[in-house]
Amino acid sequence: MEKEKLKVQVLDVTTKQVLFECPLEESERAYQHAAQMEELGLDIEVLSPTLTDSLSTSLGLGKEAQASYKKSLEEEMDSHEGSCCFDDSGKPVQ
């Protein structure tokens, strides 16, 4: 079974339509495309895989296992009040 290829996406913020997509290894192309779209006046968002996404994919985890892993990481971070994961008010750092 071939591993899923991680992709960087350029989205229109208003419509959430994918305007451009490329492999993570070519992410510079996505940022160049986003800059061109912003010059045209579009409100753009670049979505890039997180470290968690990269690790899960490189380990060959399926979608369910990836979701479970991500949830466990979020729970772990939420359980550490007063650490670098929380601001002075006790809210999780986004």
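Note that the structure is predicted; figures quoted are calculated from it, not measured.
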Please set out all donor-acceptor pairs under 3.5 angstrom arising from side-chain atoms of residues 17-38, sequence neighbours excluded.
unit_1: Glu21; atom_1: OE2; unit_2: Gln9; atom_2: NE2; d: 2.7
unit_1: Glu26; atom_1: OE1; unit_2: Arg29; atom_2: NH1; d: 2.4

Is Ser58 reaching over with its side chain to a backbone N or O of Ser54, donor-acceptor style, under 3.5 angstrom? yes
List the atom pairs, with distances to 0.1 Å, where a side-chain N or O of residues 42-49 and a protein N or O form a donor-acceptor pair under 3.5 Å, not counting sequence neighbours.
unit_1: Glu45; atom_1: OE1; unit_2: Lys16; atom_2: NZ; d: 3.4

Between CG of Leu73 and OG of Ser56, what distance do you get to the nearest 0.5 Å? 8.0 Å
May I ask whether Val10 and Leu40 are part of the same hydrophobic cluster, defined by side-chain heavy atoms of I, L, V, M, F, W, Y residues being less than 4.5 angstrom apart, directly or through others? yes
With no hydrogens and no angle check, is any side-chain donor or acceptor of Ser72 less than 3.5 Å from a backbone partner on Tyr69? yes
Name all residues meeting the side-chain contact (heavy atoms from CB on, under 4.5 Å) criterion together with Thr50; count only those two or more places apart in sequence or in a different chain, and write none if there are none. Thr52, Asp53
